[in-house]
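For reference, the structure is listed below as structure tokens.
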Amino acid sequence: MPKKTAEKPKLLPKDYKSHVKPTWCPGCGDYGVLASLYGAMAQLELDPARTVVVSGIGCSSRLPFFVKTYGFQTAHGRVLPVAMGVKIANPDLTVIAVGGDGDGFSIGGNHLAHAVRRNPDITYVVMDNEIYGLTKGQTSPTSPVGMKTKSTPYGSSDAPINPMAWVLASGVSFAARGFSGNPKQVTDLIMQGIQHPGFAFVQTMSPCPTFYNTFDLWRPRVEDLPEGYDPSDRTQAMAQAFRNDAIPLGVFYREVRPTLDSHTRVTNHPFKQGAYDFDVHSLLEIYR
Ligand code: SF4
Ligand code: MG
């Protein structure tokens with residue numbers, strides 16, 4: 001009788017939960033994004049030992065603590081340089097960067113444009129709540145004009161940045177938007193982002209019920225991108241990014257082009273013949 005080979009047990013979303021319970025406020029939109037990330041990891045059967053989740057600082061940047069993979073909470077706004085470094089050092093790892101709108105679009109803003117154009121094969125999930133939650137409710141780079149907060153008692157006069165238009169203009173190779181009130185779609189978008197060979201930007205509209213509860217404001221405004229929409233057309237994607245009659249959801253843009261880590265996959269390191277490794281000289285050339 002042929003010997004039965006033991007099948008590897010399939011990982012479930014709960015298998016990616018760490019022993020640390022999420023410390024977000026009740027009802028925080030980030031719970032939905034975390035559940036979606038667990039789901040995406042399970043569906044893709046990611047090996048927790050070969051997956052790294054990197055974050056910056058902020059409420060949403062606590063996320064790596066709650067995931068049973070390798071994790072790294074960096075300094076404020078520095079999620080992308082560290083995530084890129086992890087990917088360059090070991091291109092075989094799945095690298096997922098996470099954070100909020102303050103972390104990613106304010107202090108980390110310059111890193112965003114340059115990570116996007118370098119196109120490392122990492123996925124960046126931003127939980128955008130249009131407010132600084134961790135520091136108790138100040139305006140963020142995506143807060144609307146007129147918004148009254150502790151930092152803007154007479155209403156904000158600053159125009160909000162448009163993250164989707166920003167990454168499209170910087171040459172992003174994959175850009176999508178979801179709403180944490182629809183975690184099934186967010187799961188699908190994160191999965192597509194991880195499978196995309198290149199920098200995948202996944203903006204999730206993720207309300208902060210404690211300091212700026214936008215669930216009721218956003219729910220009637222979110223809708224899927226129009227039928228027949230072509231995600232290979234950057235101009236069309238830009239037009240969708242600037243819509244103000246609705247908050248379109250789905251994959252805005254997708255193209256396949258060379259990635260940063262493919263440039264650094266050199267195999268001539270004297271100690272690691274045949275293995276993927278990076279050569280510090282080629283790395284310096286890229287950053288020169
Ligand atoms: Fe979530 Fe806002 Fe609470 Fe932070 S302050 S955990 S963003 S609800
Ligand atoms: Mg925020």
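Quick note: residue numbers are just sequence positions, from 1. Predicted, not measured: the structure shown is a model, and the values here were computed from it.
In plain terms, the two heavy atoms of S156 and P144 that are nearest each other are CB-O, 4.0 Å. Considering all non-hydrogen atoms of both residues, M147 and E130 come closest at CE-O, 3.6 Å. Nearest approach of K148 to P153, heavy atoms of both residues: CD-O, 3.6 Å. Between T152 and T149 the shortest heavy-atom distance is OG1-OG1, 2.8 Å. Here the shortest heavy-atom pairing between T187 and A40 reads CG2-N, 3.5 Å. What you find for M127 and S60 is that their closest heavy atoms are SD-CB, 3.5 Å.
Under 3.5 Å, the side chains of S206 and T204 contain no donor-acceptor pair of N or O atoms. T142 and D128 form a side-chain donor-acceptor contact under 3.5 Å, judged by distance and modelled atom types alone. Side chains of Q185 and D224: a donor on one and an acceptor on the other come within 3.5 Å.
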Go through it in stages, so that I can follow the logic: the residues are Q240 and L225, the test is side chain to side chain contact (heavy atoms under 4.5 Å, CB included), and I'd like the CA-CA distance, side-chain angles, deciding distance and then a yes or no. CA-CA 8 Å; Q240 289 295 327; L225 285 161; 3.7 Å; yes

Evaluation steps, side chain to side chain contact (heavy atoms under 4.5 Å, CB included), between T123 and T94: CA-CA 9 Å; T123 306; T94 300; over 6 Å; no

What do the steps show when you test S232 against D230 for side-chain hydrogen bond (donor to acceptor under 3.5 Å, both in side chains), and what is the final call? CA-CA 6 Å; S232 69; D230 174 10; 2.7 Å; yes

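In this structure, V98 and V54 have side chains that are not in contact, with every pair of non-hydrogen atoms separated by 4.5 Å or more. With contacts defined as side-chain heavy-atom distances shorter than 4.5 Å, the pair F179/R219 qualifies. Using a 4.5 Å heavy-atom cutoff, the side chains of E223 and I247 are not in contact. Counting only heavy atoms from C-beta outward, the side chains of I96 and T51 approach each other to under 4.5 Å. Side-chain atoms of L134 and R62, non-hydrogen and from C-beta on, do get closer than 4.5 Å to each other. Using a 4.5 Å cut-off on side-chain heavy atoms (C-beta onward), V126 and V202 make no contact. The side-chain heavy atoms of M41 and M191, taken from C-beta on, include no pair separated by under 4.5 Å. Side-chain atoms of T139 and I131, non-hydrogen and from C-beta on, never get closer than 4.5 Å to each other.
F105 and F201 have tilted rings, their planes meeting at an angle from 30° to 60° on a 0 to 90° scale.
When each of Y16, W24, Y38 is checked for a ring pair (Phe, Tyr, Trp, His ring centres under 6.0 Å) with F66, only W24 meets the rule.
More than 12 heavy-atom neighbours from other residues, nucleotides or ligands sit within 6.0 angstrom of NZ on K10. Within a 6.0 Å radius of NZ in K184, no more than 12 heavy atoms belonging to other residues, nucleotides or ligands are found. Atom OH of Y70 sits in a sparse spot, with 12 or fewer heavy atoms from other residues, nucleotides or ligands closer than 6.0 Å. The number of heavy-atom neighbours closer than 6.0 Å to CG of N110, taken from other residues, nucleotides and ligands shown, is 12 or below.
The side-chain tip of R254 does not point at the ring of F174 from less than 6.0 angstrom away and within 45° of straight on.
One hydrophobic cluster, built from ILVMFWY side chains closer than 4.5 Å, cannot hold both L189 and I122; they sit in different ones.
Checked by atom type and distance alone, the side chain of D101 never pairs as donor or acceptor with a backbone atom of S140 at under 3.5 Å. Judged by distance alone, with hydrogens and angles left aside, the side-chain atoms of S106 form no donor-acceptor pair with the main-chain N or O of D103 at under 3.5 Å. No donor-acceptor distance shorter than 3.5 angstrom exists from the side chain of T214 to the backbone of L217, with no hydrogens or angles considered.
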